Structure formats: structure tokens, C-alpha cells
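In what follows, chains carry the letters A, B, and so on, assigned in the order in which the sequence lines appear, proteins first and then strands, with residues in each chain numbered from 1. Computed from a predicted model, the values in this text were never measured in an experiment. When reading the values below, keep in mind they use all heavy atoms of this one structure, side chains included, and skip hydrogens, waters and symmetry mates.
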Protein chains: 2
Amino acid sequence: MLTNSRLVHQAHDHGRCINAALSRAEALCTENQARLTPTRESVLRLLWQSHQPLGAYQLQDQLSKQSGKNIAPPTIYRAIEFLLQLGLIHRIASLNAYIGCPFPGSDHSNLFMICSDCGSAAEVSHNSINDLLQSASDKANFTLQGQSLELFGLCPNCAGPKIQLDSQQSQDPSHE
Amino acid sequence: MLTNSRLVHQAHDHGRCINAALSRAEALCTENQARLTPTRESVLRLLWQSHQPLGAYQLQDQLSKQSGKNIAPPTIYRAIEFLLQLGLIHRIASLNAYIGCPFPGSDHSNLFMICSDCGSAAEVSHNSINDLLQSASDKANFTLQGQSLELFGLCPNCAGPKIQLDSQQSQDPSHE
DNA sequence: TCGCGAATTGTTATATTATAACGTAACATG
DNA sequence: CATGTTACGTTATAATATAACAATTCGCGA
Ligand SMILES: [Zn+2]
Ligand SMILES: [Zn+2]
Ligand SMILES: [Zn+2]
Ligand SMILES: [Zn+2]
């Protein structure tokens with residue numbers, strides 16, 4: 001079972017998340033003879049600035065600010081497309097948003113636990129879930145090729161121990 | 001385990017699907033003191049015309065043609081919203097499309113098997129999957145509130161005994 | 001180092017999906 | 001009726017995503 005759910009919801013040295021992601025990205029690019037150009041790297045960095053998925057136009061804003069010049073949507077979408085192809089990021093369909101993948105390259109289930117309160121999204125890969133989905137597909141004679149699994153609810157920080165004061169942000173704003 | 005996957009991929013009397021859906025809808029509306037107005041019923045009918053999800057603007061086109069007058073997007077989205085609330089239809093996030101729910105009212109898992117070739121979507125509710133997702137959530141201290149589970153691949157018709165001639169449409173166009 | 005083809009990015013316009021805001025009509029109830 | 005509520009009509013616009021084509025940069029062999 002692979003997951004980054006602990007990490008996502010605890011205070012941690014997030015710089016390490018970013019660095020690790022970039023190392024993996026460089027390795028994967030080399031392996032695939034693809035180029036991690038400045039735009040692509042910037043987008044990947046932005047997606048790793050927090051553990052919350054970002055929309056394409058949020059990326060556009062931030063990248064435009066960073067670079068001083070106005071970046072148009074196609075530039076963003078091209079970078080997104082590239083990163084998706086390599087498996088470095090995922091698209092979260094229900095949010096029209098994108099997030100870095102903590103374990104690119106390895107087979108995994110593309111399952112997210114998305115907090116309705118703080119917006120964080122932790123990725124989980126559970127062999128037993130994959131197996132079960134595969135066997136359900138088999139039973140239905142369905143040739144499984146891909147999947148998008150999104151769970152909605154409250155992350156440990158937002159569920160409390162404080163048992164939801166209101167719907168105030170009670171979570172630890174450790175690294176944003 | 002609830003599923004309509006057999007039905008979806010076999011020739012069948014689809015009129016029964018539609019009638020059953022409308023009966024359930026009327027019952028649910030009565031139960032909830034809600035009104036199944038002509039617009040809402042038309043949208044529900046359209047969503048049950050096939051086992052393929054339809055987008056809001058496809059619904060708009062078809063409803064406009066049916067009624068002779070031009071129906072604006074808000075009308076469609078209001079009907080969709082209403083039907084979603086009652087659980088009579090589901091939104092398929094990865095397709096920005098909507099489909100009738102074969103078992104509204106009963107608790108189920110909101111899991112779809114979507115054919116990349118013919119576009120059909122069968123709904124499956126598997127207790128063991130639900131249990132597993134619940135226990136995975138528990139382990140991660142995640143308070144599960146909702147889910148969107150979408151599997152992509154080939155339905156029995158499109159995977160064929162014909163073993164994919166090309167990517168021609170080889171499926172039986174039983175009822176569209 | 002030059003030049004060429006391929007890959008990447010810039011730019012403009014537009015498609016697609018969804019909602020805001022506000023007015024009007026239909027409905028249910030006493 | 002009179003009234004409050006619910007649903008619908010209409011116009012405009014927001015938010016997300018892509019098409020099409022021009023300009024640039026990059027890798028690499030001549
Ligand atoms: Zn982190
Ligand atoms: Zn949270
Ligand atoms: Zn049917
Ligand atoms: Zn199919």
C-alpha cells in the first residue's frame with residue numbers, strides 16, 4: 001500500500017516533498033528522453049507548493065506573476081498535458097484541478113481522498129482495492145484500462161479532535 | 001451487489017428501463033414532496049433514452065428540438081440539479097455528463113464502468129468495494145462523505161468476441 | 001559553425017461547460 | 001382573490017479547455 005496521507009496532514013518539511021518530486025521528475029524525463037523545460041518545471045513546482053490541487057487558471061495566474069509576463073492558457077495546458085503523460089501529475093476530474101503524483105512511475109490506483117474543508121488531496125494506492133476493482137470488472141466482462149477514484153470527506157485536521165467548531169478553518173496551516 | 005451492467009450491454013426492451021425509471025422518479029418525488037415537472041421529466045427521459053451519459057448541452061439541443069422553442073442552459077442545469085439532489089441521476093465528472101441512476105433511493109457506491117469505445121456507462125454497487133473504501137478511509141483518519149468512482153475500459157460488446165477489428169464500432173446498436 | 005528538421009512556445013481566437021442576476025409565471029393554500 | 005413559494009424565462013458572463021498558425025529554440029549532422 002502506497003500513500004502520502006500521513007504526510008499530507010501533518011506538519012512536515014515540505015521542501016523535501018518538492019525536492020523529491022523534482023528529482024523523480026528529472027529521472028523520469030531522462031528515462032523517457034523528454035525535456036523538463038522551464039515552463040514544465042515551474043508548473044510542476046507550483047503543483048507541489050501545497051498538497052491541494054490547483055486549477056489551470058490558478059496555475060496561469062501564479063506563473064504569470066512569477067515570470068512577469070502574461071502566460072496564455074495553451075502554455076499551461078501544454079505543460080499539464082506533458083506532465084500528465086509522464087504520470088508526474090494527476091487530474092482530479094471532480095475539481096477540474098491538478099496535483100502532483102507522489103509515486104510516479106510505479107503502478108498505482110489513482111485514488112484520492114479529498115477534504116471538502118481545506119481542499120487537501122492525499123493519494124492512496126491500495127492493492128486490495130485494485131484487485132477488487134479488477135475482479136468486479138472481470139465479473140462484468142469489462143476490460144479495465146484506467147480509473148478515476150475520488151473520495152470526498154474530511155481530512156484528519158479538519159474533522160477535528162476539535163469536532164468542527166463551526167466550519168472555521170481549524171487546520172494547521174503548516175506549509176502554504 | 002447491485003448492477004445494471006448485464007442489461008446495459010445486452011439487447012433488451014429498453015422501454016422497460018425508461019418506464020421503470022419514471023415510476024421510481026414519481027415515487028421518490030411524492031416521498032420527498034417534490035414536483036416532477038414537465039421539464040424535469042423530459043430531462044430524465046432524455047437521460048434514459050440510452051445507457052450513455054449525455055452532456056448538458058446535448059440535453060439542451062434535444063429538449064429544444066422536442067419542444068420547438070429554444071431552451072436556455074439555466075433551464076437544463078436546474079433540472080439536472082433537481083434530479084441530482086433526489087439521486088435520480090448521477091454526474092460523471094470525467095465526462096462532464098449525466099446519466100440516470102438505476103437504483104435511486106437505495107444506498108450505493110456510485111461506481112461506473114465507462115466504455116471508451118461506445119460510451120456506455122454501467123453502474124455497479126459492490127458492498128465489498130464500499131467496505132474496503134470505508135476501511136481505507138478509517139485507516140487514514142479520513143471521514144468519508146461521498147465518492148466518485150469511474151472505471152474506463154471496454155464493455156463486453158466493444159471488447160468483442162471479435163477481438164477489436166480496429167477501433168471500428170462493432171457493438172450492437174440495440175436501442176438508440 | 002552552419003543549417004535543417006523536430007520540438008517547444010507565443011499568440012489570437014474560439015469552443016465547451018456552468019452560473020449569476022433578475023424578472024415573470026405557475027402553483028398551492030387559506 | 002391574496003399571498004408566499006416554487007419553478008421557469010432571459011440575458012449576460014464566468015470558468016475551463018482547445019484549435020490554428022506563427023515564431024522560436026533545440027538537437028544534431030553536414
Ligand atoms: Zn509536503
Ligand atoms: Zn482538510
Ligand atoms: Zn435499457
Ligand atoms: Zn462499449
In whole angstrom, give the distance that lies between atom [atom1] of [X] and atom [atom2] of [N].
X	N	atom1	atom2	value
A:Glu81	D:dA19	CD	P	10 Å
B:Leu59	C:dT16	CG	C1'	14 Å
A:Leu36	D:dC26	CG	P	14 Å
B:Tyr57	C:dA15	OH	P	13 Å
B:Gln33	C:dC27	CD	C1'	15 Å
B:Asn32	D:dT6	CG	C1'	16 Å
B:Ile80	D:dC8	CD1	C1'	15 Å
B:Gln60	D:dT11	CD	P	13 Å

Q: Among A:Leu83, A:Leu88, A:Leu86, find the one that has a side chain to side chain contact (heavy atoms under 4.5 Å, CB included) with A:Pro104.
A: A:Leu88
Q | Given DNA chain D, 5'-ward residue of the pair B:Asn70 and B:Ala34, judged by closest heavy atom | A | B:Ala34
Among the candidates [options], find the nucleotide nearest to the side-chain atoms of [X].
X	options	result
B:Arg35	C:dT8, D:dT6, D:dT10	D:dT6
A:Arg91	D:dG9, D:dA17, D:dG27	D:dA17
A:Arg78	D:dA17, D:dG27, C:dT9	C:dT9
B:Arg40	C:dT17, D:dA7, C:dT9	D:dA7
A:Thr75	C:dT19, C:dG10, D:dT10	C:dG10

Q.
Within the 4.0 Å heavy-atom criterion, would you say A:Tyr98 contacts the bases, only the backbone, or no part of the nucleic acid?
A. sugar-phosphate
Q. B:Leu22 and B:Arg45: side-chain contact (heavy atoms from CB on, under 4.5 Å), yes or no, with the steps?
A. CA-CA 8 Å; B:Leu22 286 174; B:Arg45 268 183 192 284; 3.3 Å; yes
Q.
So for A:Tyr77 and D:dA19, does any side-chain atom that can act as donor or acceptor lie under 3.5 Å from a complementary atom in the base?
A. no
Q | Co-membership, hydrophobic cluster, residues A:Tyr98 and A:Leu28, 4.5 Å side-chain | A | yes
**Q.** Contact under 4.0 Å: B:Thr39 side-chain N or O vs D:dC8 OP1/OP2
**A.** yes
(Q) Below the 4.0 Å mark, does D:dA17 have OP1 or OP2 next to a side-chain nitrogen or oxygen of A:Asn96? (A) yes
Q) When rounded to the nearest 0.5 angstrom, what is the spacing between SG in B:Cys115 and CD in B:Gln52? A) 8.5 Å
Q. Does any N or O in the side chain of A:His12 come within less than 3.5 Å of the main-chain N or O of A:Leu7, such that one atom is a donor and the other an acceptor?
A. yes
